[in-house]
Amino acid sequence: MFSSFFQAANNSPFRSPFSRVQCAADVESTVAVPAVGTDPAPVVGREIAAAAAASSPNDSCEFGSNKYFALCGIGGILSCGTTHTFVVPLDLVKCRLQVDSAKYKNLFHGFKVTVAEEGARGLAKGWFPTLIGYSAQGLCKFGLYEVFKVKYAQIIGDENAYLYRTYLYLAASASAEVFADIALAPFEAAKVKIQTVPGFANTFREAVPKMIKEEGISAFYKGLVPLWMRQIPYTMMKFACFERTVELLYKYVVPKPRADCSKGEQLVVTFAAGYIAGVFCAVVSHPADVVVSKLNQTKGATAGSIVKSLGFMGMWNGLTPRIIMIGTLTALQWFIYDGVKVALGIPRPPPPEMPASLKAKQQ
């Protein structure tokens with residue numbers, strides 16, 4: 001019996017989310033390879049390890065491999081690019097509420113004014129830079145998060161990775177978002193110009209040459225620091241809150257272990273945890289989001305001047321539509337990301353459990 005636990009420790013649930021799954025040499029050497037076309041019987045001493053590592057014959061890659069990270073990046077593209085494009089109308093009205101609260105009094109009034117002035121097509125303004133920008137951001141956000149999570153855990157070891165897993169999630173997500181925002185910033189700047197400056201441009205192709213002519217290349221990156229201020233706290237909350245919420249849902253809410261849940265049931269838990277995380281994300285990052293919108297709208301403005309002109313209450317303009325948007329967005333992103341993992345056969349480790357070595361120390 002104890003040999004099973006030692007093998008489980010080697011491929012523990014907290015090793016599997018953060019390092020490559022490896023089998024002990026002595027076990028591999030004693031296991032016969034089943035004949036092609038036959039269903040291999042469970043190997044004695046390997047059942048716990050297999051469940052812990054969430055490995056499956058249907059997995060398309062090894063956890064922690066370059067292919068794994070690349071496929072996670074594809075999942076990020078699909079989850080972020082599609083969801084942000086889907087909510088462009090809500091995002092447009094939210095941005096206009098932030099920059100002109102006198103004209104756009106609330107969410108419903110903002111939709112009404114926009115449709116009255118520009119027609120229903122006006123609600124789709126900025127969809128192309130949104131699609132491209134957030135696809136690039138998703139590639140870096142999710143792909144690099146998985147990379148940093150594995151690498152940081154390897155540095156601090158399995159036991160510390162479990163004990164300080166919340167800090168690990170925070171550090172990995174913050175590191176990934178730094179690069180994700182560099183990819184997003186030019187497209188975000190163009191999108192905000194299209195959506196909030198009347199008559200400036202109707203398409204991304206029109207906006208880019210005008211921005212270069214008026215402000216040069218700096219026009220695309222003048223909002224990078226406020227974007228970091230908005231997105232890094234948002235992403236830290238998005239990943240850390242999601243990871244811990246999933247863990248708590250399976251521990252206290254879901255009436256059976258994750259291994260006994262169907263793929264559909266697991267995706268429902270993913271969606272619920274994503275929505276909870278999204279609400280916290282919206283509140284934490286909203287003031288910086290208002291600054292980004294105003295900064296990209298106003299030529300020659302600085303983050304400091306924008307904060308001073310808005311005041312404390314002005315920093316919370318458009319919070320309600322953003323909570324609706326970000327809550328739904330975050331839930332859908334995690335749902336799509338996890339769904340892509342299922343569809344592509346990407347390993348999906350279960351919630352972390354205490355490594356056997358740490359349990360032995362506490363006895």
Side-chain angles (χ1 to χ4, degrees), residues 79-135 137 184 187-207 223 226-227 230-231 234 238 271 274-298 306 309-311 313-333 335-336:
S79 66
C80 289
T82 55
T83 51
H84 277 277
T85 304
F86 178 73
V87 296
V88 160
L90 185 59
D91 182 49
L92 180 142
V93 174
K94 180 268 300 180
C95 287
R96 292 181 175 181
L97 277 169
Q98 291 173 338
V99 302
D100 193 354
S101 58
K103 181 177 180 179
Y104 304 95
K105 296 179 174 58
N106 54 55
L107 179 62
F108 297 104
H109 185 257
F111 273 104
K112 182 178 179 181
V113 171
T114 299
V115 172
E117 292 182 347
E118 304 174 55
R121 293 183 62 182
L123 293 172
K125 270 190 171 182
W127 73 268
F128 182 77
T130 297
L131 174 62
I132 303 302
Y134 281 94
S135 292
Q137 188 208 39
L184 170 65
F187 301 97
E188 180 74 1
K191 181 205 71 148
V192 173
K193 279 282 190 183
I194 293 169
Q195 291 180 339
T196 62
V197 181
F200 181 79
N202 289 317
T203 66
F204 181 69
R205 186 170 56 183
E206 291 177 22
L227 194 61
R230 179 189 83 183
Q231 288 297 127
Y234 163 84
K238 174 179 181 174
F271 184 86
Y275 209 102
I276 293 169
V279 173
F280 287 100
C281 288
V283 175
V284 167
S285 62
H286 189 74
D289 183 61
V290 176
V291 174
V292 169
S293 296
K294 289 290 288 184
L295 193 62
N296 286 314
Q297 178 206 33
T298 309
I306 293 296
S309 64
L310 286 172
M313 295 305 297
M315 300 282 284
W316 298 98
N317 288 335
L319 179 59
T320 299
R322 190 156 190 270
I323 286 177
I324 297 171
M325 183 183 79
I326 296 300
T328 306
L329 203 67
T330 305
L332 286 174
Q333 283 178 2
F335 184 84
I336 293 172

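Only a predicted model underlies this, so the values are computations on that prediction, with no experimental measurement involved.
Each of Arg230, Lys238, Arg322 was scored for a side-chain hydrogen bond (donor to acceptor under 3.5 Å, both in side chains) with Ser285, with one residue passing: Arg322. Applying the side-chain contact (heavy atoms from CB on, under 4.5 Å) test between Thr330 and each of Tyr234, Phe271, Tyr275 identifies Tyr234 as the sole match.
For the pair Thr82/Ile336, a side-chain contact is recorded, criterion being any heavy-atom separation below 4.5 Å from C-beta on. Proximity of Gln195 to Asp91: side-chain heavy atoms (C-beta onward) are separated by under 4.5 Å at one or more points. Under the 4.5 Å side-chain criterion, counting only non-hydrogen atoms from C-beta, Gln231 is in contact with Gln137. In this structure, His286 and Ile323 have side chains that are not in contact, with every pair of non-hydrogen atoms separated by 4.5 Å or more. Counting heavy atoms from C-beta on, the side chains of Lys191 and Cys95 come closer than 4.5 Å. Here the side chains of Thr320 and Leu107 are not in contact, with every heavy-atom distance at 4.5 Å or above.
For the atom pair Leu227 CG and Glu188 CD, the distance stands at 6.0 Å (nearest 0.5 Å).
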Residues 121-129, side-chain donor-acceptor partners within the protein, below 3.5 Å, at least two apart:
| residue | atom | partner | partner atom | Å |
| --- | --- | --- | --- | --- |
| Lys125 | NZ | Glu118 | OE1 | 3.1 |
| Lys125 | NZ | Asn202 | OD1 | 3.3 |

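Heavy atoms only, all atoms of each residue included: Ala282 and Leu319 are closest at O-CD1, 4.3 Å. Contact detail for Pro321 and Leu97: the closest heavy-atom pair is CG-CD1, 3.8 Å. Taking each heavy atom of Ala288 and Pro226 in turn, the nearest pair found is CB-O, 4.0 Å. Between Pro287 and Val284, the shortest heavy-atom contact is CD-O, 4.1 Å. Minimum interatomic distance between Ile306 and Val291 (heavy atoms only, all atoms of both residues): CG2-CA, 4.1 Å.
Identified under the ring-ring contact (aromatic ring centres under 6.0 Å, His included) test for residues 80-120, with sequence neighbours left out: His84-Tyr134.
In this structure a side-chain-to-backbone donor-acceptor pair under 3.5 Å is present from Thr83 to Cys80.
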Take Val87 and Thr328 through the side chain to side chain contact (heavy atoms under 4.5 Å, CB included) test and state the conclusion after the steps. CA-CA 9 Å; Val87 296; Thr328 306; 5.6 Å; no
